[in-house]
Amino acid sequence: NVGCVYDRCGGGGMIERINDWLRERRIKRYSTYMQICYADGDKGLARAYGELMKAEIKARSPRQIARMESRQFRRVSNG
């Protein structure tokens, strides 16, 4: 199927992979903002970024979770 990109975790559409990539970027960005806010003493804003990060983590696709678990397993088994 030309319109899909398949991986070892059961395949997945290209749009889903792009959305997963964008979501991971948002998670990292929110984490950084949260740390900066805590360091600056703005705990309310830090909590708000934490909540945004948590919502993005909960919205991860099942295939993204499987890819992350697969990478973690490879890292541990090669360690």
Side-chain angles (χ1 to χ4, degrees):
N1 186 347
V2 176
C4 292
V5 175
Y6 290 93
D7 61 28
R8 285 169 273 164
C9 297
M14 188 180 300
I15 300 299
E16 181 182 82
R17 294 292 298 264
I18 292 168
N19 285 332
D20 289 339
W21 179 77
L22 291 170
R23 177 167 288 111
E24 293 305 317
R25 285 185 54 168
R26 285 191 299 271
I27 290 168
K28 185 173 183 173
R29 189 175 337 127
Y30 293 151
S31 174
T32 299
Y33 293 165
M34 184 177 67
Q35 292 171 23
I36 291 168
C37 290
Y38 269 122
D40 288 346
D42 192 342
K43 295 187 180 182
L45 190 55
R47 274 195 282 296
Y49 280 121
E51 291 301 315
L52 289 170
M53 187 176 71
K54 197 183 317 182
E56 290 290 352
I57 289 169
K58 286 182 180 181
R60 282 177 171 148
S61 71
R63 287 188 181 105
Q64 175 66 3
I65 293 168
R67 282 191 297 274
M68 294 171 73
E69 289 172 347
S70 175
R71 281 192 296 265
Q72 182 66 28
F73 176 75
R74 284 195 308 268
R75 208 175 306 142
V76 169
S77 64
N78 290 334

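Not measured: the values here are computed from a predicted model. Because only heavy atoms are used, hydrogens play no part in the values below, and waters and symmetry mates are left out as well, while side chains stay in.
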### Query
Any chain of hydrophobic side-chain contacts (each under 4.5 Å) joining Ile27 to Trp21?
no

### Message
Going by side chain to side chain donor-acceptor pair (under 3.5 Å), name the pairs with one or both residues in residues 52-61, residues two or more places apart or in two chains.
### Response
Asp20-Ser61, Arg23-Glu56, Glu24-Arg60, Arg26-Glu56, Glu51-Lys54

Under 3.5 Å, which donor-acceptor pairs do the side chains of residues 33-47 form with other protein atoms, sequence neighbours left out?
{"from": "Gln35", "atom 1": "NE2", "to": "Ser31", "atom 2": "OG", "distance (Å)": "3.3"}
{"from": "Asp42", "atom 1": "OD1", "to": "Leu45", "atom 2": "N", "distance (Å)": "3.2"}

### Task
Tell me, please, which residues at least two apart from Ile15 pass side-chain contact (heavy atoms from CB on, under 4.5 Å).
Asn19

### Query
Okay, side chain of Ser70, backbone of Ala66: is any donor-acceptor separation there less than 3.5 Å?
no

#### Entry: Residue Arg29 excluded, over 12 heavy atoms near CZ under 6.0 Å
yes

### CD1 on Ile57 to CD1 on Ile65, rounded to 0.5 Å
10.5 Å

